[in-house]
Amino acid sequence: EPEVTQTPSHQVTQMGQEVILRCVPISNHLYFYWYRQILGQKVEFLVSFYNNEISEKSEIFDDQFSVERPDGSNFTLKIRSTKLEDSAMYFCASTVYSGANVLTFGAGSRLTVL
Amino acid sequence: EDKVVQSPLSLVVHEGDTVTLNCSYEVTNFRSLLWYKQEKKAPTFLFMLTSSGIEKKSGRLSSILDKKELFSILNITATQTGDSAVYLCAVLTKGGSEKLVFGKGMKLTVNP
């Protein structure tokens, strides 16, 4: 069964460092998302991406965050200068088309900021 | 603010028991309600509910949506240890784009 692949599975970084989390969505999917889950809290929407641009972003997704699809297969989330509170599990998701469709999630990348 | 509330937040049962998980919501622009099962890795899709009163069933799991009272339940009958997981309820909303609003999740532990 097709799956969304995320790397790395776990990254530890120092506060202030840049981090790039990578995702390979399912190949025929067109809509891409990042969600995050701080330990013990809800899964929260960060950003949606379609046709090479951001469709919507949450309040969490400030100027420190960016997304891009550099090569038509990878979908990346960059955090420019990490803060302690960025420590979380980051989930990538994708779907074929918009319209009450089911999102398929990746296994997540756990980010620990020290 | 869109809100999804799950109850209980955790439950410990014995194999063979039946459990009912509750999810209530208050959102603008409701599209559908989804249930996911989260074990150690990716949340895996269980059900998507769009219409009220129509039960969806998959093996020992079933779910139903009440759009008038704004809630859904997920039932698991004859629980097994493999059902131990966090069950996530999420509502798909339509704003600038579609996005999921999640509840906190319900941790189910099934003991042998």
Side-chain angles (χ1 to χ4, degrees), chain A residues 1-7 9-10 23-26 29-61 67 88-110, chain B residues 1-7 9-10 21 23-52 54 56 58 63 65 67 72 85-107:
Chain A
E1 189 173 330
E3 57 182 32
V4 175
T5 306
Q6 289 187 240
T7 55
S9 56
H10 189 193
C23 170
V24 179
I26 294 171
H29 285 190
L30 301 176
Y31 292 79
F32 314 115
Y33 306 82
W34 284 100
Y35 286 77
R36 80 170 185 191
Q37 186 175 30
I38 294 171
L39 190 63
Q41 298 188 26
K42 299 181 184 187
V43 177
E44 302 170 289
F45 169 78
L46 290 178
V47 66
S48 58
F49 191 86
Y50 169 71
N51 201 25
N52 282 322
E53 60 183 29
I54 290 173
S55 305
E56 187 172 357
K57 57 185 181 179
S58 71
E59 291 173 356
I60 303 166
F61 195 88
V67 289
M89 180 73 90
Y90 288 82
F91 292 106
C92 175
S94 68
T95 187
V96 174
Y97 60 88
S98 184
N101 208 39
V102 176
L103 271 66
T104 302
F105 284 86
S109 293
R110 179 165 295 285
Chain B
E1 184 184 336
D2 293 339
K3 192 166 59 171
V4 175
V5 178
Q6 291 186 245
S7 64
L9 292 182
S10 67
L21 287 60
C23 177
S24 64
Y25 61 91
E26 289 179 36
V27 302
T28 51
N29 298 316
F30 174 91
R31 295 294 296 270
S32 57
L33 185 144
L34 291 86
W35 285 96
Y36 285 87
K37 178 181 181 183
Q38 185 179 25
E39 295 172 273
K40 294 201 182 298
K41 296 191 174 181
T44 52
F45 171 75
L46 294 175
F47 297 110
M48 181 167 71
L49 304 156
T50 307
S51 302
S52 244
I54 299 173
K56 292 216 171 177
S58 175
S63 185
L65 174 67
K67 289 169 76 171
S72 173
V86 174
Y87 290 83
L88 300 172
C89 175
V91 172
L92 186 68
T93 69
K94 172 71 175 174
S97 71
E98 294 188 335
K99 63 184 181 188
L100 289 172
V101 179
F102 281 86
K104 282 191 172 182
M106 194 284 269
K107 183 176 180 181

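Just so we're on the same page: letters track the sequence lines, and every chain starts at 1. Please read these numbers as outputs of a predicted model, since none were measured by experiment.
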- Enter the distance from A:Phe45:CZ to B:Asp2:CG here, rounded to the nearest 0.5 Å.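 If we round to the nearest 0.5 Å, A:Phe45:CZ and B:Asp2:CG are 11.5 Å apart.
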- Could you grab the distance from atom CG of B:Leu100 to atom CZ of A:Phe105, nearest 0.5 Å is fine?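 Going from the CG atom of B:Leu100 to the CZ atom of A:Phe105 covers 5.5 Å.
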- Note on the structure: When the 4.5 angstrom heavy-atom criterion is applied to A:Gln37 and chain B, the contacting part is side chain
- Check whether B:Gln6 gets within reach of chain A through its side chain, its backbone, both or neither, counting any heavy atom under 4.5 Å. neither
- Note on the structure: Turns out that what part of B:Val4 lies under 4.5 Å from chain A's heavy atoms comes down to backbone
What pair of heavy atoms forms the shortest contact from [X] to [Y], and how long is it?
X        : Y        : answer
B:Ala42  : A:Gly106 : CB-O, 3.0 Å
B:Leu88  : A:Val43  : CD1-CG2, 4.4 Å
A:Leu103 : B:Tyr36  : O-OH, 2.8 Å

Would you find more than 12 non-hydrogen atoms of other residues, nucleotides or ligands less than 6.0 Å from [X] atom [atom1]?
X       : atom1 : result
A:Lys42 : NZ    : yes
B:Lys67 : NZ    : yes
B:Lys37 : NZ    : yes

- Message: For A:Tyr50, give me all partners under side-chain contact (heavy atoms from CB on, under 4.5 Å), at least two apart in sequence or on another chain.
- Response: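 Once residues adjacent in sequence are excluded, the partners of A:Tyr50 under the side-chain contact (heavy atoms from CB on, under 4.5 Å) criterion are A:Leu30, A:Tyr31, A:Ser55.
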- Note on the structure: Across all chains, not counting sequence neighbours, the ring pair (Phe, Tyr, Trp, His ring centres under 6.0 Å) partners of A:Phe49 are A:Phe75
